Amino acid sequence: MSHELVLVLDFGGQYNQLIARRVREHKIYCEVKSYMTPIEEIRAMNPKGIIFTGGPNSVYMDSSPRMDKEIFELGVPILGICYGAHFMVYGLGGIVGAANESAAAEFGRTECIFDTNSPIFSGLKEESIVWMSHNDYIEKLPEGFRAVGHSSKCPYGAIENREKKFYATQFHPEVNHTEQGFEMLGNFLYKVCGCKGDWTMEEYSQTAIREIREKVGSGKALLALSGGVDSSVACKLLAKAIGSQLTCIFVDHGLMRKNEGNEVEAAFADSGVNFVRVNAGERFLGKLAGIEEPEQKRKIIGEEFIRVFEDEAKKIGKVDFLVQGTIYPDVIESGAGDAAVIKSHHNVGGLPDYVDFKEIIEPLRLLFKDEVRALGTTLGLDEKLVWRQPFPGPGLAIRIIGDITPEKVATLQEADAIFREEIAAAGLDRDINQYFAVLTNMRSVGVMGDGRTYDYTLALRGVSTSDFMTADFSRIPYDVLEKVSVRIVNEVKNINRIVYDITSKPPATIEWE
């Protein structure tokens with residue numbers, strides 16, 4: 001089943017994936033590709049529209065990223081954002097320069113005035129707040145362009161060449177700080193590109209099932225099943241696609257939440273899929289003994305996962321494919337092309353160089369977390385699994401700062417269970433998108449029963465987010481935090497201090513490691 005495609009060409013901007021997400025929210029399929037993608041490949045993809053992202057460079061510098069100017073000759077509508085706007089201007093004969101007294105740099109919330117006769121501002125307020133982040137500015141427009149938006153310091157806050165269907169904004173319409181940004185993108189997609197909005201989870205599931213069947217053929221596949229929402233949805237999708245050709249391997253690495261191994265096994269006991277549980281706690285903890293550096297932990301766990309799957313595959317017989325529940329934020333944070341590596345996810349950047357399978361299948365690779373949940377609902381997955389709290393593949397290994405011991409794992413399991421129990425009891429389990437406890441490596445002096453203690457500090461983390469690419473800390477009521485704190489220090493040994501993480505993402509990540 002074919003669908004419309006809008007292509008986001010990435011020039012290294014920090015919001016590149018957010019642009020793709022906003023496009024998808026308009027029910028239009030979108031992919032992010034590097035600016036280095038060959039023109040022939042772009043033409044073959046037949047996009048309805050193209051969006052140039054922002055980026056940290058100055059377009060007039062020789063080392064800055066630029067595309068072949070043939071991109072402007074494809075007859076496809078283009079929207080340039082920030083650096084993308086500068087590339088459009090520069091590539092079509094205009095002039096971009098460094099900010100000066102007459103056209104200063106702008107950062108943050110900025111009031112902008114729009115020409116609502118322009119298609120991208122049609123139906124919107126003439127004045128509203130946008131998010132600016134630029135040191136350069138447009139000095140001279142290319143032939144055929146005109147200004148359709150400005151701020152007090154930026155005469156070309158938005159420009160258009162209506163005949164060629166080229167539009168550009170100096171500000172970032174994709175971020176929530178731009179008040180009418182979602183509507184601006186919608187106007188570009190529907191009024192300029194002529195999109196119909198034909199991309200749904202039902203369509204995605206049908207396409208994915210067909211592609212999986214074609215790829216696997218008569219072969220066999222192993223699914224890395226953790227019991228989390230990502231791998232559970234992947235399991236449901238693969239079960240519909242290839243049925244008995246699928247075997248689900250659940251590796252209990254001894255770093256699960258309290259009682260979670262048994263809960264996962266029970267959840268899939270009557271699912272109709274081949275389910276194999278591998279108790280490998282001693283194996284993983286042995287490999288991790290004495291390891292403190294988080295990237296090294298992830299690499300070790302990633303390789304050991306693969307080795308366990310290889311061992312199980314030999315017991316089953318020849319298995320051609322390994323299936324993983326990798327999702328888009330995993331791919332982005334693990335780094336691709338010019339993108340920075342934030343942290344290697346065990347199922348992406350954590351894979352060893354050699355894997356003894358014909359191919360790895362990642363059917364959720366292009367989906368954000370909320371899209372994965374929507375797909376799970378479409379597939380009829382049990383609601384408890386669809387809304388299960390996110391849990392990283394490396395498990396508690398990256399929620400224990402420093403070295404890992406069985407005693408630390410047990411301590412964190414108990415403390416985390418209390419935190420989750422009280423959040424659910426307060427009716428906040430659907431309001432907070434992810435919440436968990438972290439056992440820090442810091443010890444401090446405390447007092448219990450008139451005696452001195454010198455025990456660990458536990459950090460609590462709760463975040464609100466729609467896409468897990470950005471997040472804000474959750475404002476958990478003080479009375480709930482107090483109850484959690486009192487219970488943990490009274491019921492869990494080796495903890496005498498509780499702190500709450502009030503950092504957003506960015507600058508922090510959601511997990512601590």
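Just so you know, these numbers come straight off a predicted model, no measurement behind them.
- Here the two rings, on F87 and F72, have centers that are under 6.0 Å apart.
- A salt bridge links R399 to E511: one of the charged nitrogens lies within less than 4.0 Å of a carboxylate oxygen.
- At least one side-chain heavy atom of I401 sits under 4.5 Å from a side-chain heavy atom of V438.
- Donor-acceptor pairing under 3.5 Å is recorded for the side chains of S122 and K191.
- Here the side chains of V484 and L460 are in contact, with some heavy-atom distance below 4.5 Å.
- Panel note: side chain N187, backbone I120; a donor-acceptor pair is recorded below 3.5 Å.
- A salt bridge is absent between D472 and K505: the closest approach of a Lys/Arg side-chain nitrogen to an acidic carboxylate oxygen does not fall below 4.0 angstrom.
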### Task
Give the intermediate values and the outcome of side chain to side chain contact (heavy atoms under 4.5 Å, CB included) for residues K287 and I301.
CA-CA 8 Å; K287 291 281 187 179; I301 292 171; over 6 Å; no
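- The shortest distance between side-chain heavy atoms of Y167 and V192 falls below 4.5 Å.
- Between the side chain of E4 and the backbone N or O of G197, at least one donor-acceptor pair lies under 3.5 Å.
- The two atoms that bring S205 and L237 nearest to each other are O-CD1, 4.1 Å, heavy atoms only.
- Evaluation of the ring pair (Phe, Tyr, Trp, His ring centres under 6.0 Å) rule for F182 yields H26 as partners, not counting sequence neighbours.
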### Task
Would you please test D370 and R21 for side chain to side chain contact (heavy atoms under 4.5 Å, CB included) and show each step?
CA-CA 10 Å; D370 61 321; R21 170 163 181 73; 2.7 Å; yes
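- Pairing each heavy atom of R461 with each of I510, the nearest pair is NE-O, 3.1 Å.
- Outside the 6.0 Å centre-distance limit, the rings of Y29 and Y204 are not counted as a close aromatic pair.
- When all heavy atoms of I400 and K297 are compared, the pair lying nearest together is O-NZ, 2.7 Å.
- A distance-only check finds no donor-acceptor pair linking the side chain of T178 to the backbone of Q180 [under 3.5 Å].
- Proximity of I476 to F419: side-chain heavy atoms (C-beta onward) are separated by under 4.5 Å at one or more points.
- A distance-only check finds no donor-acceptor pair linking the side chain of T326 to the backbone of R365 [under 3.5 Å].
- Once rounded to the nearest 0.5 Å, the distance linking CD1 of I50 with CE of M88 reads 9.5 Å.
- Listed for the Q296 side chain is no donor-acceptor partner under 3.5 Å among the backbone atoms of I291.
- Here the CG-CD1 distance, from L74 to I42, works out to 7.0 Å after rounding to the nearest 0.5 Å.
- Taking a cutoff of 4.0 Å between a charged side-chain nitrogen and a carboxylate oxygen, R420 and D416 qualify as a salt bridge.
- Side-chain polar atoms of S474 and S464 form a donor-acceptor pair below 3.5 angstrom.
- Partner V8 forms a side-chain contact (heavy atoms from CB on, under 4.5 Å) with one of V32, I81, L18 and no other, that one being V32.
- The pair R22-E174 fails the salt-bridge criterion, with no side-chain N (NZ, NE, NH1 or NH2) lying under 4.0 Å from an Asp/Glu carboxylate O.
- Tested against R277, the residues E263, E260, E265 include a single salt bridge (charged side-chain N to carboxylate O under 4.0 Å, His left out) partner, E265.
- The number of heavy atoms from other shown groups lying within 6.0 Å of CD (E293) is above 12.
- The shortest non-hydrogen separation linking I212 to A241 is CG2-CB, 3.7 Å.
- Side-chain atoms of R373 come within 3.5 Å of backbone atoms of V386 as a donor-acceptor pair (strictly under, hydrogens ignored).
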### Task
List the steps and the verdict of side chain to side chain contact (heavy atoms under 4.5 Å, CB included) for K240 and L379.
CA-CA 9 Å; K240 285 182 175 291; L379 293 170; 3.7 Å; yes
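- With a 4.5 Å cut-off on side-chain heavy atoms, M67 and M36 do not count as touching.
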### Query
When you look at K48 and D198, which way does the salt bridge (Lys or Arg N to Asp or Glu O under 4.0 Å) test go after all the steps?
CA-CA 12 Å; K48 294 279 290 186; D198 65 355; over 6 Å; no
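- Using a 3.5 Å distance cut-off with no hydrogens or angles, the side chains of T207 and E203 do pair a donor with an acceptor.
- Aromatic ring centres of F11 and F52: separated by under 6.0 Å.
- Across all their heavy atoms, Q324 and A224 have their closest contact at CG-CB, 4.4 Å.
- In this structure, the side chains of K165 and F188 stay at 4.5 Å or more apart for every pair of heavy atoms.
- Formation of a donor-acceptor pair under 3.5 Å by the E414 side chain with backbone atoms of T411 is not found in this model.
- If you check the side chains of W512 and D501, you find a donor sitting under 3.5 Å from an acceptor.
- With values rounded to the nearest 0.5 angstrom, D429 atom CG is found 12.0 Å from E422 atom CD.
- Counting heavy atoms from C-beta outward, T53 and Y35 have side chains that stay 4.5 Å or more apart.
- Between the side chain of E304 and the main chain of R283, no donor-acceptor pair closer than 3.5 Å is present.
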### Task
May I have the step-by-step check of side chain to side chain contact (heavy atoms under 4.5 Å, CB included) for K408 and L412, ending in yes or no?
CA-CA 6 Å; K408 286 183 178 180; L412 182 54; over 6 Å; no
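- Taken to the nearest 0.5 Å, the CG atom of L223 stands 10.0 Å off from the CD1 atom of I361.
- The two residues F305 and V251 have their closest heavy-atom pair at CE2-CB, 3.8 Å.
- Put simply, CZ on R24 and SG on C30 are 6.5 Å apart, with the number rounded to the nearest 0.5 Å.
- Looking only at distances, no side-chain donor or acceptor of R430 sits under 3.5 Å from a matching main-chain atom of L428.
- A salt bridge does not link E303 to K299: none of the charged side-chain nitrogens sits closer than 4.0 Å to a carboxylate oxygen.
- With respect to R43 and E40, no salt bridge is recorded, no charged nitrogen being found less than 4.0 Å from a carboxylate O.
- In this structure a side-chain-to-backbone donor-acceptor pair under 3.5 Å is missing from D252 to A280.
- At least one side-chain heavy atom of L5 sits less than 4.5 Å from a side-chain heavy atom of E31.
- To the nearest 0.5 Å, the span separating CD on Q434 from CZ on F391 amounts to 10.0 Å.
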